Each structure stands twice: as C-alpha cells, then as structure tokens.
Amino acid sequence: MSTEIDIAETLDVKGLSCPMPIVKTKGAIDDLAPGEVLEVVATDPGSVSDIDGWATGTDGVTLLEQEEGDEVYTHYVRKEA
C-alpha cells in the first residue's frame with residue numbers, strides 16, 4: 001500500500017463471484033460512518049474492475065486504492081457521505 005489507510009472494517013468476500021462482492025460491499029459501506037474506510041478482500045479477479053466501476057458510478061464513495069496479491073485482491077473504499 002502506497003499510503004497508510006486507517007481501516008474501519010474488513011469485508012472478506014473470498015470465494016464469491018460477481019455480483020456478490022459488490023452486493024456485500026454496498027451493504028458494508030451503508031453501515032459505515034462518513035469518512036470511514038472499508039477494506040474488501042476478494043479472490044475474484046473481476047472484482048478489480050467491478051469495484052472500480054461501482055465506486056466511480058456511486059455517489060458518496062471513493063475507491064482509494066486496489067492491490068493485487070497472490071490470487072487475492074484488496075480494495076480500499078471510503079464512505080464520503
């Protein structure tokens with residue numbers, strides 16, 4: 001990770017395929033306070049483009065960073081409002 005991100009909650013969606021990582025991410029973001037960051041850990045390679053597209057098209061959320069590890073994809077999404 002290029003910068004230190006203060007994570008409020010981690011969502012494990014490993015083993016789930018589209019659209020479930022997005023569905024669960026939206027539900028978890030709804031439970032956060034504005035300014036808090038959700039860490040999403042997935043194994044679906046499609047989650048990289050899916051979460052990016054969802055965050056870009058959704059008011060009140062910002063995709064801060066995505067990391068690709070050894071068959072694990074980590075996404076950091078901040079709730080703005």
Side-chain angles (χ1 to χ4, degrees):
M1 190 169 7
S2 60
T3 59
E4 191 62 35
I5 297 174
D6 186 21
I7 299 163
E9 185 178 328
T10 299
L11 176 65
D12 183 346
V13 293
K14 291 184 285 210
L16 299 179
S17 298
C18 184
M20 291 313 296
I22 297 298
V23 171
K24 292 191 174 287
T25 298
K26 185 200 179 307
I29 280 286
D30 288 346
D31 293 338
L32 295 182
E36 290 187 323
V37 176
L38 176 67
E39 175 185 53
V40 182
V41 182
T43 51
D44 180 6
S47 68
V48 175
S49 61
D50 291 346
I51 290 181
D52 181 30
W54 171 78
T56 299
T58 302
D59 289 337
V61 297
T62 301
L63 178 62
L64 300 175
E65 191 168 330
Q66 296 186 87
E67 298 176 343
E68 294 185 36
D70 190 24
E71 296 183 25
V72 176
Y73 306 89
T74 307
H75 317 275
Y76 299 92
V77 184
R78 181 174 56 219
K79 181 174 183 174
E80 300 297 347

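Please read these numbers as outputs of a predicted model, since none were measured by experiment. Numbers for residues simply follow the sequence, beginning at 1.
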Within the 4.5 Å heavy-atom criterion, are [X] and [Y] side-chain neighbours or not?
| X | Y | result |
| --- | --- | --- |
| D44 | Y73 | no |
| E39 | T74 | yes |
| H75 | V48 | yes |
| V40 | P21 | no |
| V77 | L64 | no |

Under the salt bridge (charged side-chain N to carboxylate O under 4.0 Å, His left out) test, residues paired with [X] that sit two or more places apart:
| X | value |
| --- | --- |
| D52 | none |
| E80 | R78 |
| D59 | none |

- [ ] Ignoring hydrogens and angles, tell me if any N or O in the side chain of K79 forms a donor-acceptor pair with the backbone of D30 under 3.5 Å.
- [x] yes
Following the transitive rule for hydrophobic clusters with a side-chain heavy-atom cut-off under 4.5 Å over Ile, Leu, Val, Met, Phe, Trp and Tyr, establish whether [X] and [Y] coincide in one cluster.
| X | Y | value |
| --- | --- | --- |
| V41 | L11 | no |
| L32 | I51 | yes |
| V13 | V72 | no |

Looking only at heavy atoms, the pair that brings E9 and A28 closest together is OE2-CB, 4.2 Å
The single option from V61, T10, I29 that satisfies side chain to side chain contact (heavy atoms under 4.5 Å, CB included) with L38 is I29
dist L16:CG -> K24:NZ (nearest 0.5 Å) comes out at 6.5 Å
